[in-house]
Student: 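First, the structure itself, so that you have it in front of you.
Each residue takes its place number in the sequence, starting with 1.
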Amino acid sequence: MSGKSRRDFLKKTAIIGAGVTGLSASPAKAAPKNILSADRMGVLVDTTVCVGCRNCEWACKDAHDLPAGELFSYEDRKPMEFRRRPDHTALTVVNEYSRGKNSNLPVDVKVQCMHCDQPACVSACIVGAFSKQENGAVIWDTDMCIGCRYCLAACPFQIPAFEYDKALDPLIMKCDFCFDRTKNGKLPACVAICPVEALTYGPRSELIKVARNRIKRNPDRYVDHILGEHEVGGTSWLYLSSKEFKELEFPDLGNNPAPGVSESIQHGIFAYFVPPVSLYALLGGIMWIAKRRKELKEEEHV
Ligand code: SF4
Ligand code: SF4
Ligand code: SF4
């Protein structure tokens, strides 16, 4: 565990400790760091340009040391018919849909975390492990995560996955917007590899202008909708399409930010299911076990 994470962990433990001693009966509130910078970055996914080569899937796995998996033959388009979802072994997947407006070609749709501007996962995380970063990425600190999986329940796009098959130290997994690359000025791995520039990385505000311009210049090619411009309060990843987005199985979520939903999940938990003091004690216990497990693992590697 890094020094900062350890300090943060101790700080959180101290807060929970105060709850355990019964000093406060109010619920433990997550303290998410939700930075909404005007300069935040995004990716524009133009599904009318995507050719379904799945290089992005490969690059994402490669950048995150994930296994290639059984369904992974890139010449084979069969896996794309299964309506796959991102999971702990594939942070992004490309699915195929029947042809779009004025085209005989199938519509290929890359799916990953949308990096919401008002992320429900951030709001749902009771220990503040999730955060929205200044560059637009929604990331999480694996050292702080206690594995409660509220983020899974809260995400309106059903994105975070959990390593259920790992007995030791299962982690939450999702697209991290290649944070280690982008914070150092590199492109996300999927964007860098896309051979047809179906993915454009740039300031979100500029991407919206580019998207509007494409729709205006090609009204027969696109539906007049930039998915993510307003949905759930806006997202860093934006989509253009030749088909209505509901036909591409994007959920119809409206424009209200989703954290309201996750906050009611939290409030429901605190109000009806678990008395706060017991919950603090439980969380303190879980965090102590997680910390001890990590320390033992670190000692094994010394
Ligand atoms: S690499 Fe680009 S063209 Fe290929 S599947 Fe991914 S988004 Fe589509
Ligand atoms: S899509 Fe889900 S996991 Fe991604 S930022 Fe939004 S709420 Fe969080
Ligand atoms: S941004 Fe990075 S983590 Fe997210 S889908 Fe692309 S390659 Fe994967």
Student: Please report the closest heavy-atom contact between Pro160 and Leu152, naming both atoms and the distance.
Tutor: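 Closest heavy-atom pair between Pro160 and Leu152: O-CG, 3.3 Å.
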Student: Do the non-hydrogen side-chain atoms of Thr182 and Tyr201 ever get within less than 4.5 Å of each other?
Tutor: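 A side-chain contact exists here, since the closest heavy-atom pair is under 4.5 Å.
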Student: Hey, do the aromatic rings of Phe179 and Phe177 have their centres closer than 6.0 Å?
Tutor: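 No, ring centres 6.0 Å or more apart.
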Student: Find out whether Trp140 and Asp176 are in side-chain contact, i.e. whether some heavy atom of one side chain is under 4.5 Å from a heavy atom of the other.
Tutor: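 Side-chain contact under 4.5 Å: yes.
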Student: Could you check whether any side-chain N or O of Arg84 sits under 3.5 Å from a backbone N or O of Val94, counting only pairs where one atom can act as donor and the other as acceptor?
Tutor: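 Answer holds: yes.
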Student: If we only count heavy atoms from C-beta on, is the Cys50 to Val109 side-chain gap below 4.5 Å?
Tutor: no
Student: Measuring from Cys145:SG to Ile126:CD1, what's the distance to the nearest 0.5 Å?
Tutor: 10.0 Å
Student: State, with a plain yes or no, whether a side-chain heavy atom of Ser37 is found less than 4.5 Å away from one of Gln133.
Tutor: no
Student: Tell me which pairs pass salt bridge (charged side-chain N to carboxylate O under 4.0 Å, His left out) where either residue lies in residues 226-239, with sequence neighbours left out.
Tutor: Arg212-Glu229
Student: Just grab all the salt bridge (charged side-chain N to carboxylate O under 4.0 Å, His left out) pairs involving residues 114-125, residues at least two apart or on different chains.
Tutor: Arg40-Asp117, Asp117-Lys132, Asp117-Arg204
Student: Going by the salt bridge (charged side-chain N to carboxylate O under 4.0 Å, His left out) test, which pairs reach into residues 178-187, not counting sequence neighbours?
Tutor: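 Applying salt bridge (charged side-chain N to carboxylate O under 4.0 Å, His left out) to every pair that reaches into residues 178-187, excluding sequence neighbours, yields Asp180-Lys183.
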Student: What heavy-atom pair brings Ala90 and Leu66 nearest, and what distance separates the two atoms?
Tutor: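 That closest heavy-atom pairing would be N-CD1, 4.5 Å.
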Student: Which distance, rounded to the nearest 0.5 Å, do you find between the CD1 of Ile226 and the CD1 of Ile208?
Tutor: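 The CD1 atom of Ile226 sits 6.0 Å away from the CD1 atom of Ile208.
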Student: Who passes ring-ring contact (aromatic ring centres under 6.0 Å, His included) against Phe157, sequence neighbours left out?
Tutor: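 Phe157 satisfies ring-ring contact (aromatic ring centres under 6.0 Å, His included) with no residue once adjacent residues are dropped.
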Student: Quick one: closest heavy-atom pair of Thr92 and Cys56, and the distance?
Tutor: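 Minimum heavy-atom contact is CG2-O, 4.0 Å.
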Student: Report the C-alpha separation of Thr48 and Ser242 in whole Å, then their side-chain angles, then the decisive distance to 0.1 Å, and conclude whether the side-chain contact (heavy atoms from CB on, under 4.5 Å) test is met.
Tutor: CA-CA 6 Å; Thr48 73; Ser242 58; 3.9 Å; yes
Student: Answer yes or no: is there a donor N or O on one side and an acceptor on the other, between the side chain of Tyr150 and the main chain of Ser123, under 3.5 Å?
Tutor: no
Student: For Ile193, what residues pass the side chain to side chain contact (heavy atoms under 4.5 Å, CB included) criterion, not counting sequence neighbours?
Tutor: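 Ile193 satisfies side chain to side chain contact (heavy atoms under 4.5 Å, CB included) with Asn55, Trp58, Ala59 only.
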Student: Do Pro195 and Cys53 come within less than 4.5 Å of each other through their side chains, counting heavy atoms only?
Tutor: yes
Student: Given side-chain contact (heavy atoms from CB on, under 4.5 Å), test Lys110 with Cys190 step by step and report yes or no.
Tutor: CA-CA 10 Å; Lys110 178 184 183 301; Cys190 54; 3.8 Å; yes
Student: Using the test salt bridge (charged side-chain N to carboxylate O under 4.0 Å, His left out), find all partners of Glu163 that sit at least two apart in sequence or belong to another chain.
Tutor: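 For Glu163, the residues satisfying salt bridge (charged side-chain N to carboxylate O under 4.0 Å, His left out) (neighbours in sequence not counted) are Lys166.
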Student: Output, in order, the C-alpha distance, side-chain angles, deciding distance and verdict of side-chain contact (heavy atoms from CB on, under 4.5 Å) for Met173 and Leu91.
Tutor: CA-CA 7 Å; Met173 300 285 281; Leu91 310 183; 4.2 Å; yes
Student: Evaluate the side-chain contact (heavy atoms from CB on, under 4.5 Å) criterion for residues Gln118 and Cys116: first the C-alpha distance (whole Å), next the side-chain angles of each, then the deciding distance (0.1 Å), finally the verdict.
Tutor: CA-CA 5 Å; Gln118 315 279 340; Cys116 305; 5.7 Å; no
Student: Indicate yes or no: at least one non-hydrogen side-chain atom of Cys151 is less than 4.5 angstrom from one of Phe130.
Tutor: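 Heavy-atom side-chain distance check passes, below 4.5 Å.
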Student: Who pairs with Asp62 by salt bridge (charged side-chain N to carboxylate O under 4.0 Å, His left out), at least two apart in sequence or on another chain?
Tutor: none
Student: Could you measure the distance from the OG atom of Ser131 to the CG atom of Asp141? Nearest 0.5 Å is fine.
Tutor: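 Spacing of OG (Ser131) from CG (Asp141) equals 8.0 Å.
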Student: Which salt bridge (charged side-chain N to carboxylate O under 4.0 Å, His left out) pairs, counting each pair once, include a residue from residues 85-98, with sequence neighbours left out?
Tutor: Arg77-Glu96
Student: State, with a plain yes or no, whether a side-chain heavy atom of Leu238 is found less than 4.5 Å away from one of Leu227.
Tutor: no
Student: Please confirm whether the backbone N or O of Val138 pairs with a side-chain atom of His115, one donor and one acceptor, at under 3.5 Å?
Tutor: yes
Student: Filter on side chain to side chain donor-acceptor pair (under 3.5 Å), then keep only pairs touching residues 245-255, sequence neighbours left out; what's left?
Tutor: Arg83-Glu249, Tyr97-Glu249
Student: Okay, side chain of Arg149, backbone of Gly147: is any donor-acceptor separation there less than 3.5 Å?
Tutor: yes
Student: Test of understanding: with ring-ring contact (aromatic ring centres under 6.0 Å, His included), list the residues that count as partners of Phe245, not counting sequence neighbours.
Tutor: His225, Phe250
Student: For Leu248 versus Ser241, what's the shortest heavy-atom pair and its separation?
Tutor: CD1-OG, 3.2 Å
Student: Out of curiosity, Cys125 SG to Met144 CE, how far, rounded to the nearest 0.5 Å?
Tutor: 7.0 Å
Student: Examine Met114 and Leu253 and state if one hydrophobic cluster contains both, with Ile, Leu, Val, Met, Phe, Trp and Tyr joined whenever side-chain heavy atoms are less than 4.5 Å apart.
Tutor: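 Shared cluster, yes.
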Student: Residues two or more places apart in sequence or in another chain: which of them pass salt bridge (charged side-chain N to carboxylate O under 4.0 Å, His left out) with Lys216?
Tutor: none
Student: Taking all atoms of both residues into account, what is the closest heavy-atom pair of Cys178 and His64, and its distance?
Tutor: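 Residues Cys178 and His64, closest heavy atoms: SG-CE1, 3.8 Å.
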Student: Show the nearest heavy-atom pair for residues Leu207 and Leu44, with the distance to one decimal.
Tutor: CD1-N, 3.7 Å
Student: Run the side chain to side chain contact (heavy atoms under 4.5 Å, CB included) test against Val196 and tell me which residues pass, sequence neighbours left out.
Tutor: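 For Val196 the side chain to side chain contact (heavy atoms under 4.5 Å, CB included) partners, ignoring immediate neighbours, are Val49, Val51, Cys194, Ala198.
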Student: Would you say that Lys243 contacts Thr47 through its side chain, given a criterion of any heavy-atom pair below 4.5 Å between the two side chains?
Tutor: no
Student: Please name the residue in the list Asp220, Asp224, Asp46 that meets the salt bridge (Lys or Arg N to Asp or Glu O under 4.0 Å) test with Arg214.
Tutor: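 Option passing the salt bridge (Lys or Arg N to Asp or Glu O under 4.0 Å) with Arg214: Asp46.
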